[in-house]
Structure formats: C-alpha cells, structure tokens
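Please read the structure below before turning to the comments.
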Amino acid sequence: MRTTKLPSGEAVPVLGQGTWYMGDEPRRRADEIATLRQGLDLGMTLVDTAEMYGDGAAEKLVGEAIAGRRDEVFLVSKVLPSNASRSGTIAACERSLRRLGTDRIDLYLLHWRGRTPFAETIAAFEALQDAGKIRHWGVSNMDVSDMQELLRAPGGDAVATNQVLYNLTRRGIEYDLLPQAQQRGLPLMAYSPIEQGRLADYPELEEIAERQGVTAAQVALAWVLRQQGVIAIPKASRPEHVKLNRAALDLKLTQEDLDALDDAFTPPSGPEPLEMI
Ligand code: NAP
C-alpha cells in the first residue's frame, strides 16, 4: 500500500475506507462488516467514520468490524460542530470511543465549521491528546480562508489534515486549497471520490476505462489518487467494490487519459467556493 506522511512524519495509507450510511440497514450489516474487513486484508487500513453517521450507528459497525484487529487500523472519526465546545468535544469523543470499542482514535476531525471559536475546539483536542484518547487532530470542509484562520489560532498549526470533497466533478480545490496544503506538507483527504457512486455511470469515463481494461469508477478513483499528498476514502459495502477500489491504486493513467479527463471535466481557472456534500 502506498502511503503519505502526516505533518508529524507518520505514514498513513493513501487509500482508505469510508463508512457513511453503513449500519443504517440491518439486513446489509453483515455484508458491510465483511467488506470493511476485506478492505483491511487488502491494506486499506485507514477507516473514516463520524459520530454523525447514522447517529452513531456507523461507529458501532466499525467497532464490530475492527474488533480484534484494532492495531492494524488507522481510525478516523469526527465531532459535530454542535458538540465542538471544549467540554462538548471531550464528551463526544468519549461517546465515540465507547461505540468504536477502543481506547483511542488515531485522527479526530472537526466535521465542519460551526460557531465555536477554533481555539476552544483545539484546546479540547489537545486535552484529548494529553489523555491518550486521540493521537492527531484535523478538520474537514475548511476552505482557504478557514484554514488561514485555523493556522493563526493558538495550537492551530498542529492540524494534521483537511478532509474535503474532491473528485473529477468537484475540482475547485486544485486552484488554491490543494496546492497550499501540498506546500505545507498537509495531506488532504478526498471524500466522495466516486461522487457517491455517480461517476461509475459517466459516459466520459467509459472510453478510458475500456482502453485500460478497468471500470469507470476505477478511473475516477485512480485520478484522485494520482497526486502526492491526497488520501482517498471511497465507501464500499460490496466485496466486489472494495476489491476494484484496491486495484484502482495500481492503475496508471496515461498523459492521453489525463488530457481526455481535463477536456471532459474542466480544471478550475480561478478561485471557487469549497463545495460540500
Ligand atoms: P463515494 O465513496 O464517492 O461513493 C460511495 C458509493 O459508490 C457507494 O454507493 C458504493 O456502493 C459505490 N462504489 C464504491 N466503490 C465502487 C466501485 N468500485 N464501483 C462502483 N461503485 C462503487 O461517496 P461517499 O460515501 O459520500 O464518500 C466516501 C466517504 O467519505 C464517506 O463514506 C465518508 O466516510 C466520507 N465523507 C465525509 C464527508 C465530510 O463532510 N467530511 C462527506 C461525505 C463523505 P456500495 O456501497 O454499494 O459498495
């Protein structure tokens, strides 16, 4: 598995697994757990979840999937902005730890910006680090100006990642947020890299997919993974999907492929507000 480095120097896999909507449907539960475990077997050991997903149901499912394998996993979870006060963040993290059945979260993110000043949430993250309950902290859905403000806040320069929407149909970050993060050595985590499955059906990807002998979704994922400092966290709840996603990491897009993708999905020519799903 290819890795990238957090600002601390710790290596993390560039391809992980998302979990949004997992645990919502009892009849799919067994498949979802088996798929997550298969992903771990394939080296996709970075697992992304959040207290928001299914109101804790996804964290419980992740806890079950990683039971007995905790040390293999780089576990990411998120606190809701409505819980992001100093005491609220600590209480939310403790609830997440209980649901996940673990004593630590490897990377704990502020899910998006709310009304709580950054300094207060950072103070909570630092207290959680001191207590050994989280190892790193980061943010999600932060645009350029949010990042500038975060980095100016006390302790803000310890941010380990910004998790943002990034795929062929959402290229805005290439203009500013992505190069700025790369310059700082801050990995970005690309969420919804297959545009929630919609890129699997884009005719623009079919020709390249055929030429390469892969699927359109694999082309979309390989495209996100083509850059240094970008971690992709596709969600798959079917074993065949997780296998295809792992194989996409080994897919080399040619210059011809990349040019065709630039024609079909125009890169940004100026600043664009950060999109969110
Ligand atoms: P996604 O990963 O782009 O797409 C997931 C969908 O694509 C699922 O329907 C899945 O189907 C399908 N799929 C997966 N692999 C496939 C393949 N190889 N071929 C065809 N279809 C495939 O969308 P996402 O779940 O929104 O994003 C990924 C993760 O990012 C989330 O699960 C979550 O952990 C995180 N996220 C974070 C935020 C945030 O605000 N920070 C927002 C959105 C998402 P099956 O499930 O049936 O396999």
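As the structure lists them, so they are numbered: ligands from 1, and atoms in each ligand from 1.
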**Item:** Y21 heavy atom under 4.0 Å from ligand 1
**Value:** no
**Complete:** Logged contact type for E195 with ligand 1, heavy-atom cut-off 4.0 Å, is backbone
**Request:** Considering the heavy atoms of Y53, write down every atom of ligand 1 situated less than 4.0 Å from one of them.
**Result:** 33 (C), 34 (O), 35 (C), 36 (N), 37 (C), 38 (C)
**Item:** Over 12 non-hydrogen atoms of neighbours within 6.0 angstrom of CG in D130
**Value:** yes
**Fill in**
Of all protein heavy atoms, the one nearest atom 29 (C) of ligand 1 is I233 O, 3.2 Å
**Prompt:** Judged by modelled atom types alone, do T45 and E72 share a side-chain donor-acceptor pair under 3.5 Å?
**Reply:** no
**Message:** Considering non-hydrogen atoms of the protein only, which is the closest contact for atom 15 (N) of ligand 1, and what is the distance?
**Reply:** N245 ND2, 3.1 Å
**Asked** Can you list the atoms of ligand 1 that are under 4.0 Å from a heavy atom of S237?
**Response** 45 (P), 46 (O), 47 (O), 48 (O)
**Request:** Return the residue, atom name and 0.1 Å-rounded distance of the protein heavy atom closest to atom 10 (C) of ligand 1.
**Result:** K235 O, 3.3 Å
**Message:** Which of the numbered atoms in ligand 1 are under 4.0 angstrom from any heavy atom belonging to N141?
**Reply:** 39 (C), 40 (O), 41 (N)
**Prompt:** Which part of P193 is near ligand 1, with near meaning a heavy atom under 4.0 Å away: side chain, backbone, both or neither?
**Reply:** both
**Request:** Quick one: look at V242 and ligand 1, take heavy-atom pairs under 4.0 Å, and tell me if it's side chain, backbone, both or neither.
**Result:** neither
**Prompt:** Strictly under 4.0 Å, does any heavy atom of Q17 approach an atom of ligand 1?
**Reply:** no
**Asked** Are Y108 and Q129 linked by a side-chain donor-acceptor pair shorter than 3.5 Å?
**Response** no
**Request:** Say whether Y21 and Q196, considering side chains only, have a donor N or O and an acceptor N or O under 3.5 Å apart.
**Result:** no
**Prompt:** Name the one of V79, T161, V139 that satisfies side-chain contact (heavy atoms from CB on, under 4.5 Å) with L109?
**Reply:** T161
**Item:** Sub-4.0 Å heavy-atom contact, T215 with ligand 1
**Value:** no
**Asked** What are the atoms of ligand 1, with element, lying closer than 4.0 Å to any heavy atom of Y191?
**Response** 30 (O), 35 (C), 36 (N), 37 (C), 38 (C), 39 (C), 40 (O), 41 (N), 42 (C), 43 (C), 44 (C)
